[in-house]
Amino acid sequence: MLILGIETSCDETSAAILEISANTTTLLSNVVASSINLHSKTGGIIPETAARQQLLYIMPVIQEAFTKSGINFDKFDVDKITVTYGPGLIGSLLIGVETARSLSYAFNKPLIRVNHLLGHIYANWLNKNVDEISFPAIGLIVSGGHTDLILMESHEKIKWLGGTRDDAAGEAFDKIGRLLGLPYPGGPSIEKMAAKGQKGKFNFPRPLADSRDFDFSFSGLKTAVVREVEKQKKLNDQTISDICLAVQTSIVDVINKKTFDAALKYNAESVLLGGGVAANNTLRRIIQQNSEDMGISFYVPELKFCTDNAAMIAAAAFFKQDKVSWQKLDALPSLHFQN
Ligand code: KG4
Ligand code: ZN
């Protein structure tokens, strides 16, 4: 089976072709065009700019995905078309959704809609035997817009355990990065600076770390950093690095604690990471170490599949066949988690 995936929820335009045969998923192509350079000039995403770039990139990106996988574009030789329908920026989402609807109609192909957040978790099923990951699994989605913990008892039974009450983990990285005058996006910039930081110079709160639920809150951390920056007369590179290390430690500590609270509570056999913040090496290392110590299998996508991409959307569509007619598909910018 060949699935065409389309992802346009934010500032990446992506198309991928995934082959599923003999119980194995094989990614044939995954093309990503990003407008991130335009946003780094403004220190954050301007939705209107992101949407315009989506429109420019979408067809060339889809065509390239066909070319790279050696599949005929004119005959549109795929079995299914799948697209992210939310959550995300409305202008960006609409480009992917409208393109997928038109292609579904024009080539008479079934259309599957995918929740972007679930897509991040399904990046773990790329280039694998479809039965490799055992359930129950705890999924942790840490991205620019979301911090969510989910329980997967099977592909059919997925429960949302909790999420952020305010800023997402990636959003906290981005806002604090901007505050410290670092290049956008803040996550990778903070990680880079933190590598030169000295441990223990600063100590920031670990919000909700001991709350008994699976909720997160990162806006207080941002306020704590604002106060600390105001106290400093001059921010030199070393102080910035020390702050970055303390910020990264706080965020990683909270995420790590909640993930394993959930893993213990639900007797998880696997822990699955996904989302842009899962590219953070400290986070990957700590969660991997704790999983090994607890005898839990740990999965994290390759770096390029942590940030937004269409390969993960195609993988999700194979397991979650949320079929919809082209007449009925809508973009839902505030889509929440659902089974
Ligand atoms: O999943 P993603 O590409 O887009 C959303 O769906 O939001 O995630 C982007 C987020 C940004 O907030 C970025 O700062 C963060 O992922 N990020 C990182 C790292 N790389 C990207 N955060 C921490 N450490 C990183 N290495
Ligand atoms: Zn994402």
Side-chain angles (χ1 to χ4, degrees), residues 5-14 16 30 32-36 39-40 43-45 47 50 54 83-89 92-93 96 114-124 139-148 163-164 167-180 182-195 197 216 218 221-222 244-256 272-287 300-313 315-316 333-335 337:
I6 298 174
E7 155 64 42
T8 66
S9 65
C10 191
D11 55 345
E12 265 93 29
T13 314
S14 180
N30 181 55
V32 183
S34 178
S35 58
I36 201 161
H39 308 301
S40 61
I45 292 173
Q54 294 285 3
V83 64
T84 301
Y85 72 112
L89 302 172
S92 291
L93 281 169
V114 169
N115 180 319
H116 179 80
L117 303 174
L118 216 47
H120 274 301
I121 287 300
Y122 274 96
N124 289 293
L140 168 70
I141 301 131
V142 271
S143 72
H146 294 269
T147 307
D148 291 289
T164 187
D167 291 354
E171 197 176 351
F173 273 118
D174 292 341
K175 285 180 176 169
I176 293 170
R178 184 158 16 152
L179 192 78
L180 296 172
L182 301 175
Y184 177 84
S189 301
I190 289 182
E191 178 171 25
K192 209 164 136 203
M193 294 300 281
F216 298 85
F218 291 110
L221 175 63
K222 181 188 61 198
C244 285
L245 179 59
V247 165
Q248 181 174 271
T249 307
S250 279
I251 295 178
V252 169
D253 273 3
V254 176
I255 292 174
N256 176 50
L272 316 171
L273 240 58
V277 181
N280 186 282
N281 285 301
T282 306
L283 180 69
R284 292 161 87 97
R285 208 181 47 240
I286 289 181
I287 300 214
V300 64
E302 267 179 64
L303 280 183
K304 62 178 177 216
F305 301 125
C306 283
T307 45
D308 290 351
N309 65 85
M312 67 186 197
I313 302 303
S334 308
L335 181 67
F337 237 102

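We count ligands from 1, going down the list as the structure has it; atoms in each ligand are counted the same way. Bear in mind the structure is a predicted one, so any value in this text is a computation, not a measurement.
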In terms of atom number and element, which parts of ligand 1 are under 4.0 angstrom from non-hydrogen atoms of F173?
-> 22 (N), 23 (C)
Donor-acceptor under 3.5 Å (N124 side chain, L273 main chain) | yes
So which heavy atom on D308 is nearest to which on V32, and how close?
-> O-CG1, 4.2 Å
Grab the two heavy atoms, one from T147 and one from A169, that are nearest each other, plus how far apart they are.
-> OG1-N, 2.8 Å
Show the numbers, then the answer: is there a side chain to side chain contact (heavy atoms under 4.5 Å, CB included) between N30 and S14?
-> CA-CA 7 Å; N30 181 55; S14 180; 3.5 Å; yes
Aromatic plane relationship, H120 with H116 - under 30° parallel, 30 to 60° tilted, over 60° perpendicular = perpendicular
Work out which heavy atom in L93 is nearest to a heavy atom in G86; give both atom names and the distance.
-> CD2-N, 3.8 Å
Look at atom 17 (N) of ligand 1 and say which protein heavy atom is nearest, naming residue and atom and giving the distance to 0.1 Å.
-> G276 O, 3.5 Å
Any N or O of G170 closer than 3.5 Å to N or O of ligand 1 | yes
Honestly, for D174 the part within reach of ligand 1 (heavy atoms, under 4.0 Å) is side chain
The protein heavy atom nearest to atom 24 (N) of ligand 1 is N280 ND2, 3.1 Å
What pair of heavy atoms forms the shortest contact from G96 to T8, and how long is it?
-> N-OG1, 3.1 Å
Looking only at protein heavy atoms, what sits closest to atom 10 (C) of ligand 1 is G144 N, 3.4 Å
Sum of protein N, O or S atoms, each under 2.8 Å from the Zn ion (ligand 2) = 3
Run the contact test for Q248 against ligand 1 with a 4.0 Å cut-off on heavy atoms, strictly below, and give the result.
-> no
Closest approach of any protein heavy atom to atom 26 (N) of ligand 1, naming residue and atom = E191 OE1, 2.7 Å
Shortest non-hydrogen contact between I190 and G177, atoms and distance | CD1-N, 3.7 Å
With heavy atoms of A279 as the reference, note each atom of ligand 1 found under 4.0 Å away.
-> 20 (N), 26 (N)
Closest non-hydrogen protein atom to atom 23 (C) of ligand 1, residue and atom name please, with distance?
-> G187 CA, 3.5 Å
Mind listing the closest non-hydrogen atom pair of K175 and D167 along with its distance?
-> NZ-OD1, 3.2 Å
Measure the OG-CD distance between S9 and Q54 for me, rounded to the nearest 0.5 Å.
-> 8.0 Å
Quick check: does H116 get an N/O under 3.5 Å from an N/O on ligand 1?
-> yes
Test item: Q248 side-chain N/O and G187 main-chain N/O as donor-acceptor pair under 3.5 Å | no
Determine whether any heavy atom of G145 lies closer than 4.0 Å to an atom of ligand 1.
-> yes
CD1 of I287 to CD1 of I255: how many Å apart, nearest 0.5 Å?
-> 7.0 Å
Donor-acceptor pair, side chain of S143 and main chain of G275, under 3.5 angstrom | no
Going by the atom numbers of ligand 1, which of them fall below 4.0 Å from some non-hydrogen atom of H120?
-> 1 (O), 6 (O)
Of the side chain and backbone of H146, name the one, both, or neither that has a heavy atom under 4.0 Å from an atom of ligand 1.
-> neither
Protein residue, atom and distance nearest to atom 2 (P) of ligand 1, heavy-atom basis | D308 OD1, 3.5 Å
